[in-house]
Amino acid sequence: MALIMTVDVVVTLKFIKILQVEDQRSASNQPYRTGFHFQPPKNWMNDPNGPMYYKGVYHLFYQYNPYSAIWGNITWAHSISYDLVDWIHLEHAISPTEPYEANGCWSGSATILLDGKPSILYTGANSKNQQFQNLAVPKNPSDPLLKEWIKSPHNPLISPVDDIDPLNFRDPTTAWLGPDRLWRIIVGGEIGGQGLAVLYRSEDFVNWTRGKTPLHTSNKTGMWECPDFYPVSINGSNGLDTSVLDGLIKHVLKASFNNNDHYVLGRYTPETDTFSVETNFLSNGLDMRYDYGKFYASKSFYDSDKKRRILWGWILESDSEADDISKGWSGLQSIPRSILLDESGKQLLLWPIKEIEKLRTKQVSFDDMDLKSGSVFEVPGIMAAQADIEVSFRLSGLKKAEEMNTSWVDPQLLCKEKKASMNGTIGPFGLLVLASKNLEEQTAVYFRVFRKQYEKYVVLMCSDQSRSSLQEGLEKTTYGAFVDIDPVHETISLRSLIDHSIVESFGGNGKACITARVYPKLAINQDAHLYAFNNGTMDVRISKLSGWSMKRAQIVPIQKRRKPSIT
C-alpha cells in the first residue's frame, strides 16, 4: 500500500508540472476555460451526480459525453479530491451497456449504507427514453478511490408503472433511513401536468415499494428534475446527515424546474412520511432558489469529516452549440457551497467552502472609502480575470431612497428595467467585473435600495450581462434577487468569484446568490479589469474591500487502472 501511494503521488506531481506548462500555452487559445472551477479536459458535462465523502476522499460523479461537446452518450464520469479544490480524473464509473440504459446513464445519488459501504442509484433511459432506476455498487469497497463499479443483476430496480409517465421519471435522491429501519428515496416525476416527488421504501436497497402518496406535489410546476431532500439545523452551525430525523430541524425539498433550482422548507414526519411545507413552490409571491442565475440540477451531500452539507450545481454555457463544438467543451461545476439555515429560519444561506481560500494570493485591501455619486474606482494590483472579491457597503440618507412600487414583484424584471447604467437614488452601486479598460465590456453586479412604508427598505441585487461582451449571438440575460437585509442596521455585503467566463456572486453573506456566464472579447486574461462603481445620486461608503488573485486549481488527467503485475 505504501509503495503504491508513493508511485501515485509521483505520477500525480509529474502530471501537475505538465499541466502548468499546458495552462500557460492554452490561456490565449482558450480564454473562457476556468482556473479554479471544476471541469473535465474536454467534451460535454452537465449534472453533478452522487457526490460523497468516503474513506478520506471526496468523490464527484457527473454526467459526461466522452465523445463530444454536446449532450449525448451520457456516462457517469468520476473524479476525486482530498480538498474539493484540486482534482484527479479517474476512469468512468458507469457507462451505458444494458438495454435499460441504452440512451444513457442519467442522474442519481450516492448513499452510505449501514455497513459503511456506498451504493449508487441512477436513472437509465432505454432506446425509447423510458426511464428506470438502477443500482451500482463498488467492486472493491475497501478501495478509497472506488475506481470500479458493478451494476446490480436485479436492474432495473424500479420501473415506471401505473400512472407514472415513463418519459418523466428520473433522478433518485440520496436515501434516508426511517424509524422503521426502512430506506426511503424520492424520484422526480410529473403526473397530470403536476411535478411531484414519488416516494419509495426498501429494506434491502434492492426491492423497492412505492408509497401510497408522493412526499410532495405542486400544481404550479411541471416535471421535477434532480430532487433533493435533507434536514437542516435550526440555529446550528453544522450540516446534518440525510438520515437525521429528530431535534431542532427543518427539512429542505429542492426541485429543478423552469431552468432554476427552487426549494421549500417544511416539517417532515417520518412515521407517516408527510412533508408539511411552510410555503409551497411559487406560492404567495415567494420564489426561493439556491441561485437566481445560471445554476441547475444541483446535488448536495453530507461531509461527515467536517460536519457540513455541501452543494454542487451545474453551470450551463451561455454561448451557442457551435461555439461549444469549436472550443471543444461545454459546462462547469459551481464552486462547492456550504448550506445552512439562516438564523431567521426562513431561508437558506449558501457560501463557498473555506478550502477555496487556499488559492488566494496577492491581496489588495481598502477600508472606509467614499464611493461618490457617479464615480468609478479601479481595483488595482490583482489578476481581475481570476479573482475573489469581498466588499461591504454602508449607506446613509436612506429616507431619500426611491419609493418601492407595489407592482415590482419580479426582481429579475426589475433589474432588467433598471440596469447598471440607469441612475437611481441609492444605487446602482457595486462591482464591474471582467471589464475592458474603457468599459466597452463589463458585467455589473450591483445593488439598489428602495423605500417601503413605515421606514422599511427593500434591497435588490442584480447581475447585468447586457454589456458583458462585444460578441454577438450570446445569451446576455440580466438576473435579479431581493436580499433580506436591513440596510439601516447592516452593511450590504457582496462576494464575487471571478473565473474567466463565470462570475459567482453572493449577496448578504449568502442570502442571495447569482451566477452568470460571460464571454468578453476584450476583457480576457491580463486585459480584464475590476472596478467599484456608484451610479446613484447618493454617496456610498465602502466599509471594506478585499481582493485576491486566485491561483489555478490542479486538475490531473485520467488515472487509468493499473493491470496487476506478474512476478
Side-chain angles (χ1 to χ4, degrees), residues 51 53 84 173-174 176-179 184 215-216 227-255 261-281 283-284 286-292 298-313 335-357 390 392 456-459 461 481-495 506-513:
Y53 180 80
L84 292 168
T173 62
T174 296
W176 69 95
L177 195 65
R184 288 143 167 89
L215 181 70
H216 192 56
D228 207 356
F229 188 65
Y230 56 88
V232 287
S233 176
I234 298 173
N235 298 324
S237 58
N238 291 332
L240 299 174
D241 181 83
T242 309
S243 291
V244 170
L245 300 175
D246 52 16
L248 292 175
I249 64 172
K250 291 186 179 184
H251 269 76
V252 179
L253 174 62
K254 187 274 294 186
D261 279 11
H262 305 255
Y263 72 89
V264 292
L265 298 170
R267 301 284 182 176
Y268 170 59
T269 305
E271 291 79 11
T272 56
D273 284 319
T274 54
F275 181 56
S276 301
V277 300
E278 296 174 353
T279 303
N280 210 346
F281 290 111
S283 295
N284 301 325
L286 191 63
D287 181 13
M288 295 193 297
R289 307 181 195 177
Y290 284 162
D291 192 296
Y292 291 82
S298 60
K299 182 67 65 176
S300 74
F301 75 101
Y302 177 65
D303 176 3
S304 59
D305 181 51
K306 292 185 168 57
K307 305 295 185 292
R308 59 185 176 176
R309 181 161 291 274
I310 294 175
L311 178 73
W312 287 94
I335 292 299
R337 305 174 182 182
S338 62
I339 303 176
L340 290 173
L341 183 66
D342 179 58
E343 62 182 12
S344 70
K346 297 178 180 179
Q347 67 169 101
L348 298 177
L349 297 176
L350 304 183
W351 196 250
I353 58 168
K354 184 73 173 176
E355 288 89 332
I356 198 69
E357 295 175 16
E390 295 190 31
S392 58
K456 300 291 185 181
Y457 298 93
V458 175
V459 177
M461 176 181 172
F482 293 123
V483 191
D484 186 15
I485 299 173
D486 178 5
V488 176
H489 301 103
E490 302 176 65
T491 60
I492 297 178
S493 69
L494 173 64
R495 182 180 183 184
F506 303 83
N509 296 312
K511 290 184 176 181
C513 310

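For clarity, every value in this text was computed on a predicted model and none was experimentally measured.
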Subject >> Contact check, side chains of Leu494 and Glu390, non-hydrogen atoms, under 4.5 Å >> reply: no
Original post:
Heavy-atom distance under 4.5 Å between the side chains of Arg309 and Thr242, does that happen here?
Top reply: yes
Original post:
Who pairs with Asp342 by side-chain hydrogen bond (donor to acceptor under 3.5 Å, both in side chains), at least two apart in sequence or on another chain?
Top reply: Ser344
Subject >> Distance in Å, Tyr230 OH paired with Leu240 CG, rounded so as to fall on 0.5 Å steps >> reply: 11.0 Å
Original post:
If you take all heavy atoms of Leu350 and Leu311, which pair is closest and at what distance?
Top reply: CD1-CD2, 4.1 Å
Subject >> Side-chain H-bond candidate by donor/acceptor type, Arg337 with Ser300, under 3.5 Å >> reply: no
Original post:
Measuring from Phe506:CZ to Asp291:CG, what's the distance to the nearest 0.5 Å?
Top reply: 7.5 Å
Subject >> Neighbour count >12 (heavy atoms, 6.0 Å) for atom CD, Glu343 >> reply: no
**OP:** Give the C-alpha distance, both sets of side-chain angles, the deciding distance and a yes or no for side chain to side chain contact (heavy atoms under 4.5 Å, CB included) between His216 and Asn280.
**Re:** CA-CA 10 Å; His216 192 56; Asn280 210 346; 2.8 Å; yes
Subject >> Any donor-acceptor N/O pair, Lys307 side chain to Asn238 backbone, under 3.5 Å >> reply: no
Original post:
Got a second to check how far Arg495's CZ is from Asn509's CG, nearest 0.5 Å?
Top reply: 10.5 Å
Original post:
What are the two closest non-hydrogen atoms of Val488 and Tyr457, and how far apart are they?
Top reply: CG2-CE1, 3.6 Å
**OP:** With the side chain counted from C-beta on, respond yes when Leu215 and Arg184 share a heavy-atom pair under 4.5 Å apart, and no when they do not.
**Re:** no
Original post:
Looking at side-chain heavy atoms only, is the closest gap between Glu271 and Pro179 below 4.5 Å?
Top reply: yes
**OP:** Mind checking the OG-NZ spacing from Ser493 to Lys511? Nearest 0.5 Å is all I need.
**Re:** 9.0 Å
Subject >> Sequence-distant partners of Phe229, ring pair (Phe, Tyr, Trp, His ring centres under 6.0 Å), two or more places apart >> reply: Trp176, His251, Tyr268, Phe275
Original post:
Could you state the interatomic distance from CD1 (Ile356) to CD1 (Ile335), rounded to the nearest 0.5 Å?
Top reply: 3.5 Å
Subject >> Residue pair Val483 / Ala512: nearest heavy atoms and the distance that separates them >> reply: CG2-CB, 3.8 Å
Original post:
Sequence neighbours excluded, which residues qualify as side-chain hydrogen bond (donor to acceptor under 3.5 Å, both in side chains) partners of Asp261?
Top reply: Ser256, Ser298
Original post:
Between Pro336 and Leu84, which heavy-atom pair has the shortest distance, and what is it?
Top reply: CG-O, 4.2 Å
Subject >> Minimum side-chain heavy-atom gap Ile310-Ile339 below 4.5 Å >> reply: no
**OP:** Look only at the side chain of Gln347 and the backbone of Met288, and say whether a donor-acceptor pair between them is shorter than 3.5 Å.
**Re:** no
**OP:** Report yes if some heavy atom in the side chain of Leu248 is under 4.5 Å from a heavy atom in the side chain of Asn235; otherwise report no.
**Re:** no
Subject >> Side-chain heavy atoms of Leu253 within contact of Val277, under 4.5 Å >> reply: no
**OP:** Taking all heavy atoms of Tyr290 and all of Val252, pick out the closest pair and write down the distance.
**Re:** OH-CG1, 4.3 Å
**OP:** May I ask you to test the Lys354-Lys306 pair for a side-chain heavy-atom distance under 4.5 Å?
**Re:** no
**OP:** Of all the heavy-atom pairs spanning Leu245 and Pro270, show the shortest one and how long it is.
**Re:** CD1-CB, 3.9 Å
Original post:
From Phe281 CZ over to Asp287 CG, what is the distance, rounded to the nearest 0.5 angstrom?
Top reply: 10.0 Å
**OP:** Kindly say whether Pro51 contributes a backbone atom to a donor-acceptor pair with the side chain of Lys299 at under 3.5 angstrom?
**Re:** no
